[in-house]
Number of protein chains: 2
Amino acid sequence: MLEKISIGKMAKLNNVSVQTLHHYDKIGLLSPSYTDPITNYRYYSIKQCASLDFIKYLKYMGFTLQEILEFFTKEDAKSISKLLDEQIHLIDQKMNDLTQMKRTLEVASKNYKTYMQIQNMGIIERNVLPERKIYCYDGKKNIYNDHLETYEYILRELRNQALIHQFPTSYFCNVGSITRMEMIKQRKLTSTEIFMLVDAHFSEIQGIEILPAQEYVTIYCDQFSNERDYAFKLIDYIEEHKLEIAGDYICEVIIELPEWTHAERHMIMKLQIPVKKNL
Amino acid sequence: MLEKISIGKMAKLNNVSVQTLHHYDKIGLLSPSYTDPITNYRYYSIKQCASLDFIKYLKYMGFTLQEILEFFTKEDAKSISKLLDEQIHLIDQKMNDLTQMKRTLEVASKNYKTYMQIQNMGIIERNVLPERKIYCYDGKKNIYNDHLETYEYILRELRNQALIHQFPTSYFCNVGSITRMEMIKQRKLTSTEIFMLVDAHFSEIQGIEILPAQEYVTIYCDQFSNERDYAFKLIDYIEEHKLEIAGDYICEVIIELPEWTHAERHMIMKLQIPVKKNL
DNA sequence: GTAAACCCTATTGTAACAATAGGGTCAAGA
DNA sequence: TCTTGACCCTATTGTTACAATAGGGTTTAC
């Protein structure tokens, strides 16, 4: 009762599509045991299910059809074992990539949710911020010139540095600018430095600084053109409340919205000045 | 100093290829701010880096270019937040898939390594095997007939059942046949049932059985045609050593090698009979 | 003025099929 | 024996995000 199995039956029997079998035949992965020379009808034997099983099995393990073809040329268990281990390694890499992606997404999601709840745009707050680590880059030009142009160029340079140091791509959105304490104490909003927030474990690289945990006065700002005014609001507040500037001024980009029509950045920033009580 | 940036410079500035920029222009994702109407040369403005940043950012989060296009039509933070959360969900799924793949690979790898170390093909051993759970399927026909043909058909049926019960694909390679105790005690190798090893948490489904932890006499067998002889070897051993058959005979497929040329299954099986001391 | 470096469009290729179109074949019932 | 519906064939196009050409024009620096 050795049955000739038509392509449709073979497909149903193995839960694959007819096209798939066509395809496997075409690339020489699995050709029917008999092909009618007149009609070109394909007929499979039940034993070919074993091959198909094997193909499906390898496919499930993430091998490409080309790789599966190679499998069939390597019959020794040693080569196969090696290929399997390599594949495991490859999957580990993919998992890492996905983990990074997910982390990035989660940060973005959190930021957008924060954004939607910001009721306090332009309102001064005081709170203690935790320790953060940043990678600073000095572009040697004042980023507050030229309507963001200089900023853009320096941002590119920062990213190239980050690529050199092999920072994960996910850092690329956690940026900001820093104006040193001396400047801000003179009420000058001038800066040549921008930074990227990095994870705690980076340390040996030159340019890494620590922002200690401490009290800050902060304000949310949703337009670049407002930054100057808002920064001065912070300074005014500090003076009025007899506080003292205790460190560098930070303008941290919280979130970036796609502003297609204007073709210009639209971002939410959190302006921050560390303070201590004036004794 | 609003500079016209040529495509090559833009590419270098942003670490992308010229082709990529061509492509983005083509699909309307990012068109240069100025195109020379005579030469068709593309010139970008520095501010378009912001858009490119955003594109790269979303790409990094795993969105397709089409999806990114949609992002630009949805400017409200709420829609974006929703898209982000959906993407997180999608990544979770992919991670699960990868985890399954990896598990399958690890089992396969382990099996092949075991195989390479099998020195004891055809040699009887006694050892205690841990508890296992199996899903049995009765094909109503003796699988030892017709040179594997019946087996193939019943194997397809088992898999269809497994699909219905939504077993993970990784189970598909952990199969075997079972010959009930009454049969094997009569020295009859006759079986209509095959099984699939399943994880411990499956229980409510009909057809699930438990193989208790206990002592077995076992033998490795590398050819279907040898199974009968080897099974009788086990029975002989049991009788000679005054043991008693304590349960069903199991033929477990340990590993399946690709046997391209012969177009027939070539597998390593571990034949097992549970025993107890004859008091 | 010239050559190198740059830019353009258009085509082909990648992976693993799905979805057609347009036509021939098989099997079962009348 | 005929018919009809179910089945099969080949060939083409489409999918993603570009890379890699080919064949030709342009810019820029010396």
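In the text below, chain A, chain B and the rest are named by the order of the sequence lines, each starting its count at 1.
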Residue whose nearest DNA chain D nucleotide is more 5′ - B:Tyr43 or B:Lys59 = B:Lys59
OP1 or OP2 of C:dG24 under 4.0 Å from side-chain N/O of A:Tyr41 | no
Between A:Tyr24 (OH) and C:dA15 (P), how many Å, whole number?
-> 14 Å
Output yes when at least one side-chain N/O atom of A:Ser6 is less than 4.0 Å from OP1 or OP2 of D:dC7, else no.
-> no
Can you tell me the distance, in whole Å, between the CZ atom of A:Phe63 and the P atom of C:dA15?
-> 16 Å
Given B:Lys110 and B:Glu106, is the salt bridge (charged side-chain N to carboxylate O under 4.0 Å, His left out) satisfied, shown in steps?
-> CA-CA 6 Å; B:Lys110 203 193 77 194; B:Glu106 282 168 345; over 6 Å; no
Quick one: is D:dA19 close enough that its OP1 or OP2 comes under 4.0 Å of any side-chain N or O from B:Ser17?
-> yes
Which part of the nucleic acid does B:Ile7 contact within heavy-atom distance under 4.0 Å: base, sugar-phosphate only, or nothing?
-> sugar-phosphate
What about B:Gln19, does its side chain sit under 3.5 Å from the base of D:dA20 through a donor-acceptor pair?
-> yes
Does a donor on one side chain and an acceptor on the other come within less than 3.5 Å for A:Tyr57 and B:Thr104?
-> no
Are A:Arg159 and B:Asp53 within salt-bridge range, i.e. N to O under 4.0 Å?
-> yes
Result for 5'-nearest mapping on DNA chain C, choosing between B:Lys12 and B:Lys26, is B:Lys12
Integer-rounded Å distance: D:dT21 C1' and B:His22 NE2 | 14 Å
Quick check, are the ring centers of B:Tyr151 and B:Phe224 under 6.0 angstrom apart?
-> yes
What is the distance from CG of B:Leu29 to P of D:dT16, rounded to the nearest Å?
-> 13 Å
Think B:Arg42 has a side-chain N or O under 4.0 angstrom from the OP1 or OP2 of C:dC7?
-> no
When you check the phosphate oxygens OP1 and OP2 of D:dA19, does a side-chain N or O of B:Thr20 lie under 4.0 Å from one of them?
-> yes
Measure the shortest side-chain to side-chain distance between A:Arg42 and A:Met10 over non-hydrogen atoms and say whether it is less than 4.5 angstrom.
-> no
Atom CE of A:Met10 and atom P of D:dC9: how far apart are they, to the nearest Å?
-> 13 Å
Rounded to the nearest angstrom, tell me the gap between atom CD in A:Gln66 and atom C1' in C:dG13.
-> 14 Å
Can you tell me the distance, in whole Å, between the CG atom of B:Asn40 and the C1' atom of C:dC8?
-> 7 Å
Rounded to whole Å, the CD1-P distance (A:Ile38 to D:dC8) equals 18 Å
Given DNA chain D, 5'-ward residue of the pair B:Leu65 and B:Thr39, judged by closest heavy atom | B:Leu65
